Amino acid sequence: MHRKSFLVLYFCTLKQIIISSTNLSIMYKLLYLWVLLSSIIFIEACKNDYEHQILDAINIADTYPDSSLLRLNQMNCNNLNKKGRAMYALAYSIAQDKLGEIVKNDSLIRIAYNYYLKQPNDPFYGRCMYYMGCYYLNVDSLDRASYLFKKAQIAAEQISDTSNLCLALERLAKTFQKSEPKQALQYIYRACNLYNNYSEAKLYNIICYNLMKAECHSLCGSPRIAYGISEEMLEKAEQLNDSSMMSAVYQELSWFSCEMGNYSQANEYSLRARDYACEAQFSTFYNIVDTYRNMGDYGKCWEYLDSLSPSSHYEHYVAYYMKHDIALKQQLNKAAGIYADSAFYHIEAMYQKALNEKDTYYSRLMQNTEDKCNAENNARIYKVTTTFLIITLLLLSILGWLLVANHLNKIKIKQKHDNEIIKSHEMQLALMKDYLIQRFDIVRVLEEHSKALSKRYKMKDSDWIELEQCLN
């Protein structure tokens, strides 16, 4: 029932309670109905309040993702319905993405995906498809990621959501940039054109979209165009006054300078990227080592390589591979072999870890599917059992009501029969009374005659009959 209908019924009931205050039976029934409606409205208000809180968290996620996560963590999710849980899962995924967290676990976003997949007209449908695609992109399932990004693109076009449309196009470019760079370039060009004309465009996002466009040009074999775009973005990054963005732009300039063969300039840009970086990043130092290697300054290469602190198998592999390559250039064949073995070990461990993660994921997926089936079966059994119990209780109630009604009917019949017997006895007693009164009149007449006839009275046959009846 619609909320307005609830309110109309609520106030009509309240009015009837006031009007029927003189009739206690009707008033108690209406009061019960009023309490029931009050409870329903209260529960509905609580649900709506939770939905408003989640919407507020989604709205501030772009600008203040940490605050959004804090609000979501403080919420009690136990009282949420299916839609509320889907909204909560989507809001949490958005906040994590805006904080830069790379999520490789789909347990949260899949709650939203399973709900919104059946709600294609919901305004959050496109955003859900987008973030589910981000998950698949993070686990290198590119086909599935591109499929979901295209669904997000179509959904955003249907509701004219420029912001999410640009995000979907940018992710499509990211998905295709290595396999089909020309296709990726078309996607990112469209995203840039749309976002540049967007009324709520942010300078930070403009720089990011254009840097992606520069990368796609580079992959298409046009490093000079990529370098020119990056130079334009350097000016915008200076306007933004964001050191991390300045570092990213200088690193892009360094890569494109290397592709053009200008190694000294590439080295200068890579050092600037390191200086602007908020914290020591492996990619920044690797880029510096790469520029020194291209310049032939192997001493600087070893200096920076020894200062590196790789934290993952991939970073260890890159570091050892770089050492192997430099050792070969210096004709240190024995050391090059050792470094090659170390690099091979780490790349094997990296792929083994990825395989283990996929095995764990599919095992967990199968377990979740099995648990879901069991939960559905249990829910079905519970539903059938509950229905059976309700029907049984209803039948027992009807049977009890019939038994009580039958018993009351028997009591009523017995009372009626007793009343008839009492009434019959009363009628008999009344007849006897009338009859006796008549007999007493005969005796009185006899006494009067006896006095008049000197105690002698000759009785007729009819008098003898009446006297006999009286004595009997």
Side-chain angles (χ1 to χ4, degrees), residues 54-55 57-63 65 68 83 85-181 183-202 204-206 208-213 215-216:
I54 296 171
L55 285 173
I58 292 174
N59 292 333
I60 66 170
D62 287 335
T63 311
S68 177
K83 180 182 178 182
R85 287 194 295 270
M87 288 178 63
Y88 182 88
L90 179 59
Y92 210 97
S93 300
I94 293 172
Q96 284 183 315
D97 180 74
K98 299 302 179 182
L99 279 173
E101 297 181 16
I102 298 176
V103 180
K104 293 188 177 182
N105 188 322
D106 67 333
S107 58
L108 190 63
I109 187 60
R110 193 166 288 279
I111 295 173
Y113 177 74
N114 290 337
Y115 175 79
Y116 286 112
L117 187 63
K118 301 174 184 178
Q119 309 291 334
N121 297 322
D122 193 284
F124 289 118
Y125 171 81
R127 299 189 79 173
C128 181
M129 297 301 109
Y130 169 80
Y131 284 102
M132 194 70 204
C134 289
Y135 159 75
Y136 281 112
L137 184 62
N138 291 335
V139 296
D140 296 326
S141 184
L142 301 183
D143 290 339
R144 187 66 180 168
S146 63
Y147 169 74
L148 289 168
F149 288 141
K150 287 177 181 177
K151 292 186 76 171
Q153 174 194 351
I154 294 169
E157 287 173 342
Q158 288 176 347
I159 61 174
S160 301
D161 188 348
T162 305
S163 178
N164 288 315
L165 176 57
C166 292
L167 285 173
L169 291 169
E170 189 269 340
R171 290 291 92 181
L172 280 168
K174 183 74 174 177
T175 306
F176 287 105
Q177 71 176 156
K178 292 184 179 178
S179 58
E180 299 179 39
Q183 181 68 34
L185 190 61
Q186 292 178 8
Y187 283 126
I188 196 61
Y189 254 102
R190 188 183 171 199
C192 287
N193 293 334
L194 284 169
Y195 200 77
N196 288 336
N197 297 320
Y198 183 41
S199 59
E200 298 179 15
K202 297 178 181 178
Y204 184 92
N205 292 335
I206 291 173
C208 290
Y209 285 139
N210 280 278
L211 288 179
M212 173 61 73
K213 182 167 68 173
E215 289 181 13
C216 290

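None of these values were measured; they are calculated from a predicted model.
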Exercise. I would like to know whether Leu169 and Ile188 meet side chain to side chain contact (heavy atoms under 4.5 Å, CB included); could you show each step before the answer?
Key: CA-CA 6 Å; Leu169 291 169; Ile188 196 61; over 6 Å; no
Set out, in order, the CA-CA distance, both residues' side-chain angles and the distance that settles side chain to side chain contact (heavy atoms under 4.5 Å, CB included) for Gln153 and Phe149, then state yes or no. CA-CA 6 Å; Gln153 174 194 351; Phe149 288 141; over 6 Å; no
- What do the steps show when you test Leu55 against Phe124 for side chain to side chain contact (heavy atoms under 4.5 Å, CB included), and what is the final call? CA-CA 11 Å; Leu55 285 173; Phe124 289 118; 3.5 Å; yes
So CG of Asn114 and CD1 of Ile111: to nearest 0.5 Å the spacing works out to 8.5 Å
- Query: Is Leu167 close to Tyr209 at the side-chain level, that is, under 4.5 Å between some pair of heavy atoms?
  - Reply: yes
Between the CD atom in Glu170 and the CD atom in Gln177, the distance rounded to the nearest 0.5 Å is 9.0 Å
To the nearest 0.5 Å, atom OH of Tyr147 lies from atom OG1 of Thr175 at 15.0 Å
In terms of heavy-atom contacts, Gly133 and Ala145 come closest through O-CB, 3.5 Å
Rounded to the nearest 0.5 Å, the CG atom of Asn164 sits from the OH atom of Tyr125 at a distance of 13.5 Å
Please tabulate, for the side chains in residues 86-98, all donor-acceptor contacts under 3.5 angstrom to protein atoms that are two or more places apart in sequence or on a different chain.
residue : atom : partner : partner atom : Å
Tyr88   : OH   : Leu72   : O            : 2.7
Tyr92   : OH   : Asn73   : OD1          : 2.9
Ser93   : OG   : Ala89   : O            : 2.9
Lys98   : NZ   : Asp62   : OD1          : 3.3

Item to complete: Would you verify whether the NZ or CZ of Lys83 falls within 45 degrees of the ring axis of Tyr115 while also being under 6.0 Å from that six-membered ring's centre?
Response: no
Check the pair Lys151 / Leu117 against side chain to side chain contact (heavy atoms under 4.5 Å, CB included), numbers first and verdict last.
-> CA-CA 11 Å; Lys151 292 186 76 171; Leu117 187 63; 3.8 Å; yes
Value for CG (Asp122) from CZ (Arg127), rounded to nearest 0.5 Å, stands at 12.0 Å
side-chain contact (heavy atoms from CB on, under 4.5 Å) filter on Tyr198, not counting sequence neighbours, yields Thr162, Ser163, Tyr195, Glu200, Ala201
In terms of heavy-atom contacts, Ala152 and Gly126 come closest through CB-O, 3.4 Å
Between Cys134 and the options Arg171, Lys174, Met129, the side-chain contact (heavy atoms from CB on, under 4.5 Å) test singles out Arg171
Rounded to the nearest 0.5 angstrom, the CE-OH distance for Met212 and Tyr187 is 14.0 Å
